[in-house]
Amino acid sequence: MEQMKKDIVVIGGGPGGLAAAVTAARAGKSVLLVERNGYLGGQLGSGLPFLAFLDWKKRQVIGGIAQEFVDRLAKVQGTYGHAYCPFHLSTTLIHPFYARIIAFQIVKEAGVEILLHSELTDVKVKDGRIESVTVTGKGFHVELQADVFIDGTGDGDLGYMAGAECHKGQDDTHVMQPPTLMFNLAGINFEEFYDFIEKHPEELPYGLNMQNLREGYDADFFRNNPSFVFFGMQKLLKRLREEGKCPVARDTIIFIRQPIPGEVAVNTIRLLNFDGSDVHDLSSGEMEAHLQIPLLIDMFRNYVPGFENCYLTSINSCIGVRESRRIVGEKMLDYHDCLKGLKPDDTIALCSYFLDIHNGAGEDTTGIRIEEPFGIPYLCLVSKDISNLMMAGRDISVDPVTFGATRIMNVCMAAGQAAGEAAAMAVSEGKLPKEVDVQELRKHLLEQKAILDV
Ligand SMILES: Cc1cc2nc3c(=O)[nH]c(=O)nc-3n(C[C@H](O)[C@H](O)[C@H](O)COP(=O)(O)OP(=O)(O)OC[C@H]3O[C@@H](n4cnc5c(N)ncnc54)[C@H](O)[C@@H]3O)c2cc1C
């Protein structure tokens with residue numbers, strides 16, 4: 001078996017792992033980033049937008065590497081920048097393929113070594129510390145040693161395999177938010193769609209369980225904003241479900257304008273009672289989700305005004321898992337603190353997004369309003385059980401309600417940046433991650449244009 005030794009090994013190259021690896025390498029450490037796909041960026045390359053770079057008062061709450069990513073996208077016409085939204089606070093479109101290119105650019109420039117097509121297959125732990133991990137690709141095994149390991153798998157695979165305590169789903173039911181396979185459509189007559197929405201405001205989510213919704217989410221907003229994310233059509237879907245003509249178990253349609261003329265990304269497939277960390281669910285889910293696509297396209301063509309001539313242009317490379325494991329950290333963020341907008345002294349990233357909970361066992365979605373951005377404490381990124389394990393991305397230590405907000409990609413990047421910087425400091429100072437001086441870490445993050453207060 002090949003052996004490699006690095007200062008820091010990051011498993012998973014999505015928004016969290018990518019930001020952590022690049023930040024640690026920029027701090028001068030030797031970093032290896034392992035990714036099971038042939039591309040980097042995870043869900044950044046799926047057609048999804050960044051949400052809530054801004055808060056309700058239109059103050060920017062996330063900077064650092066996430067903003068750098070947007071600036072790089074803007075240079076290649078891969079985004080229109082941050083646009084205020086009365087529903088999602090702000091939307092920032094992402095060209096899915098440029099996102100993957102930029103991910104490679106920043107990794108290469110920072111000097112991060114990469115192992116693609118490689119999946120984590122084994123973890124050796126001694127005395128509560130990861131000694132090595134094994135990754136496997138094409139029947140070839142590589143054993144990796146490092147001072148600090150960062151779990152950027154989204155699903156907390158590394159923490160789980162190391163024996164760290166992990167939580168899944170809601171505390172009482174363990175139901176997890178449902179997955180969605182994203183796909184893109186073109187051939188849409190947008191003017192016809194806006195006219196329909198203007199005549200049928202009951203199709204907008206006013207009246208649904210969405211506290212975050214504010215006035216102004218209407219046909220004119222869609223007409224005048226090239227970065228919109230549409231959420232609604234509940235009356236139509238209710239009728240179609242009753243008539244047996246709706247192929248998905250959800251009460252609303254979501255589609256996202258793309259920075260590609262004429263295209264939208266559809267975020268509407270829903271699979272219920274699904275566990276994204278179970279390969280059996282993933283296997284049947286991929287099949288079921290792909291088979292839902294032509295049925296959904298037929299539904300759009302037949303019943304959604306403006307979509308009569310829509311056609312399929314792409315399908316994301318795999319199903320998107322909203323929720324699976326969260327690794328329990330030295331601290332766990334409680335949603336009561338989020339609702340109060342607390343920003344503790346050890347805040348390493350802010351979040352202003354609402355508590356957005358898609359029901360994994362039913363058709364609805366709940367949105368709980370966040371009035372004031374809240375802070376994510378540093379020790380939510382540090383495993384309580386494994387001394388040299390950190391988390392970057394949606395697997396950080398938060399309760400399942402807070403997770404509804406912290407799972408968004410720019411927050412994953414901001415927390416990933418903090419994890420990468422802290423890991424680099426721990427290596428330089430010969431400390432454990434939990435011993436890192438948080439005020440010094442915050443100073444470094446501010447120098448990197450992170451936003452830690454508003
Ligand atoms: C359908 C859907 C809609 C969403 N909508 C939005 C939205 O509009 N805006 C928004 O900001 N967020 C949205 N989110 C949430 C957001 O996309 C994710 O929470 C976020 O991408 C998580 O980042 P991450 O880095 O933790 O994980 P991911 O983006 O999932 O990346 C994890 C990476 O790790 C790799 N990996 C996983 N396991 C292993 C392993 N064992 N070995 C090696 N590599 C591995 C994966 O291939 C992947 O590249 C949505 C999520 C879904 C699924």
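In listed order, ligands and their atoms are each counted from 1.
Figure legend: cation-pi geometry between R257 and F190, with NZ or CZ positioned under 6.0 Å from the six-membered ring centre and within 45° of its axis. Under the 6.0 Å distance and 45° angle rule, R223 does not count as a cation-pi partner of Y194.
Between the choices G156, G154, P15, G320, the shortest heavy-atom distance to atom 29 (O) of ligand 1 belongs to P15. When Q43, R407, E119 are ranked by how near their heavy atoms come to atom 14 (N) of ligand 1, first place goes to R407. If you check each of D157, L48, T121 against atom 3 (C) of ligand 1, the one with the closest non-hydrogen atom is L48. Among I269, D395, L120, N267, the residue whose heavy atom lies closest to atom 42 (N) of ligand 1 is L120.
Salt-bridge formation is not detected for the pair D251/R241: no Lys NZ or Arg NE/NH1/NH2 atom is positioned less than 4.0 Å from an Asp or Glu carboxylate oxygen. For E113 and K5, the salt-bridge test fails: no basic side-chain N is under 4.0 Å from an acidic carboxylate O. Ion pairing between a basic and an acidic side chain is recognised when a charged N comes within 4.0 Å of a carboxylate O; D346 and K331 show such pairing. Using a cut-off of 4.0 Å between Lys/Arg side-chain N and Asp/Glu carboxylate O, E131 and R129 are scored as not salt-bridged.
Protein heavy atom at the shortest distance from atom 22 (C) of ligand 1 is C412 SG, 3.7 Å. Protein heavy atom at the shortest distance from atom 34 (O) of ligand 1 is G12 CA, 3.2 Å. Looking from atom 31 (O) of ligand 1 to the surrounding protein, the closest heavy atom is G14 CA, 3.3 Å. Protein heavy atom nearest atom 37 (C) of ligand 1, with residue, atom name and distance: T153 O, 3.3 Å. For atom 11 (O) of ligand 1, the nearest non-hydrogen atom of the protein is M409 N, 2.8 Å. Among all non-hydrogen protein atoms, the one lying nearest atom 9 (N) of ligand 1 is P49 O, 2.7 Å. Annotation: atom 25 (O) of ligand 1 to nearest protein heavy atom, G16 N, 3.0 Å. Scanning all protein heavy atoms for the shortest distance to atom 26 (O) of ligand 1 gives R394 N, 2.9 Å.
Under the 4.0 angstrom criterion for non-hydrogen atoms, G152 is in contact with ligand 1. Using 4.0 Å as the threshold, S118 has a heavy atom nearer than that to some atom of ligand 1. V321 counts as a contact of ligand 1, since one of its heavy atoms falls under 4.0 Å from the ligand.
No more than 12 heavy atoms of other residues, nucleotides or ligands sit less than 6.0 Å from atom OH of Y160.
Here's the thing with E35: one of its N/O atoms is less than 3.5 angstrom from an N/O atom of ligand 1. Residue R322 has no nitrogen or oxygen atom sitting less than 3.5 Å from a nitrogen or oxygen atom of ligand 1, judged on distance alone. Residue G393 has no nitrogen or oxygen atom sitting less than 3.5 Å from a nitrogen or oxygen atom of ligand 1, judged on distance alone. At least one N or O atom of R36 sits closer than 3.5 Å to an N or O atom of ligand 1.
Within the listing of ligand 1, atoms 33 (C), 34 (O) sit less than 4.0 angstrom from a heavy atom of G13. Close approach of ligand 1 to L51 (heavy-atom distance below 4.0 Å) involves ligand atoms 7 (C), 8 (O), 9 (N).
Ring-plane geometry between Y98 and H95 is classed as perpendicular, the angle between the planes exceeding 60 degrees on a 0 to 90 degree scale with a lower cut at 30.
Closest heavy-atom contact between G320 and Q43: CA-NE2, 3.4 Å. The two residues T313 and L185 make their nearest non-hydrogen contact at OG1-N, 4.0 Å. Between N388 and A146, the shortest heavy-atom distance links the atoms ND2-O, 4.2 Å.
Taking the six-membered ring for Trp and the full ring otherwise, F231 and F255 have centroids separated by 6.0 Å or more. A centroid separation of less than 6.0 Å is found between the aromatic rings of F193 and F230.
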